[in-house]
Amino acid sequence: MSVNGSALDLSDLLPTAEHARAEILAGLKAKPKRISPKYFYDEHGSALFDAICEQPEYYPTRTELGIMQDHAADMAAVLGPDVMVVELGSGSSVKIRLLLDALEHPSAYVPVDISREHLAQAAERINKAYSSLQVLPVSADFTRPFKLPRPTRDVRRVVVYFPGSTIGNFEPMAAQRLLEMIRLRVGPGGGLLVGVDLKKEVSLLNAAYNDAAGVTAQFNRNILDHVNRLADAAFDASSFEHHAYYNTLLGRIEMHLVSRHAQSLLVGGERIEFTAGESIHTENSYKYSVEEFASLANRSGFTVEQLWTDARQMFSVQFLQVEAKS
């Protein structure tokens, strides 16, 4: 289908509304209650996340951008010419421009995002900025298998670009399963360029997810507005409080929405009860040491070939390659 009347084709591979409703309801009936962080990203949620990235406390985006600015040429040399770049969770497609500018004759760019409208707008901007590049957007849940589009140019290798420390949103076993799925998708000779947030002072971590302007709190509560539409629910987002903290034992930031009072509401025709102070777990953000992430990569069939970091070693961009068959 065309995007906003342009000639740019967008593959819409999103799960059905019934699947989303069932997944949301199952999470809310679980103990403890949870909603997958992928449901943050409706159009408004995507815009709020862009605003989070501009907050002074939120170090990951500016630090990763600095790494990309300093080392994009080195990354492009490692990836080589005629590469098809598949960006998972592409969002506004800001960081990819630094890589595209440095790559030699990229075969195609495939941005993948769950927020269809946000994806369409970002893909159109990339398409206009890079007239010689084939842009093939895919609206999909990248945690589930989906078919990659076929570019018209020959592809020497497929590389997945997974920026923004999104890998940290997955619990270790789920992260391993995702990396294994990526390994199968890129195939022999393929690779993964991934953003990995590193362990650091707890005060910096807590501040990053509790910005003074309250944008992260708005972002967290917006998931309930999105769920209302997806699952025929009746959440009042103002009756939940944003709570984010670093869990030292598990090495992760946890985000929760805490019910301000006892309440009962319908979700998909079923009644969900909350006690005062009960929470919905909406997101994890695991922080890794270099050694911990290398071990995860190895268990998933990758080896870390290159690693770039900032001077304070707060964040890293790592290139993983599929292990050669013995």
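The shown structure was predicted, so the numbers you read here are calculated from the model rather than taken from an experiment. The basis for the numbers below is simple: all heavy atoms, side chains too, and nothing from hydrogens, waters or symmetry mates. Count residues from 1 along the sequence.
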side-chain contact (heavy atoms from CB on, under 4.5 Å) partners for Pro163, two or more places apart: Glu64, Glu87, Lys95, Tyr161
Partner set under side chain to side chain donor-acceptor pair (under 3.5 Å) for Glu305, not counting sequence neighbours: Thr303
Ala244 backbone acceptor or donor facing Asn210 side chain under 3.5 Å: yes
With Asp42 via salt bridge (charged side-chain N to carboxylate O under 4.0 Å, His left out) - residues at least two apart: Arg229
All side-chain contact (heavy atoms from CB on, under 4.5 Å) counterparts of Pro56, not counting sequence neighbours: none
Polar side chain donor-acceptor pair, Glu117 to Gln121, under 3.5 angstrom: no
Under 3.5 Å side-chain donor-acceptor pair for His256 and Ser279: yes
Cation-aromatic face contact Arg185/Phe146, 6.0 Å, 45 degrees: yes
Ser93: partners by side chain to side chain donor-acceptor pair (under 3.5 Å), with sequence neighbours left out: Tyr109
Summary of salt bridge (Lys or Arg N to Asp or Glu O under 4.0 Å) pairs that have at least one residue in residues 280-302, sequence neighbours excluded: Asp197-Lys287, Lys199-Glu292
Side chain to side chain donor-acceptor pair (under 3.5 Å) partners of Gln218, counting only residues at least two apart: none
Contacts of type salt bridge (charged side-chain N to carboxylate O under 4.0 Å, His left out), residue Asp82, not counting sequence neighbours: Arg153
Which residues share a side chain to side chain donor-acceptor pair (under 3.5 Å) with Ser264, sequence neighbours left out: Arg271, Glu273
Donor-acceptor pair between Thr152 and Gln134 side chains, under 3.5 angstrom: yes
Exercise: do Gln318 and Ser316 side chains pair donor with acceptor under 3.5 Å: yes
Contacts of Arg252 that satisfy salt bridge (charged side-chain N to carboxylate O under 4.0 Å, His left out) - sequence neighbours left out: Glu171, Glu254
Qualifying side-chain hydrogen bond (donor to acceptor under 3.5 Å, both in side chains) pairs, either residue in residues 68-81, two or more places apart: none
Residues which pass side-chain contact (heavy atoms from CB on, under 4.5 Å) with Ala213, listed by chain and number, not counting sequence neighbours: Gln55, Asp211, Val215
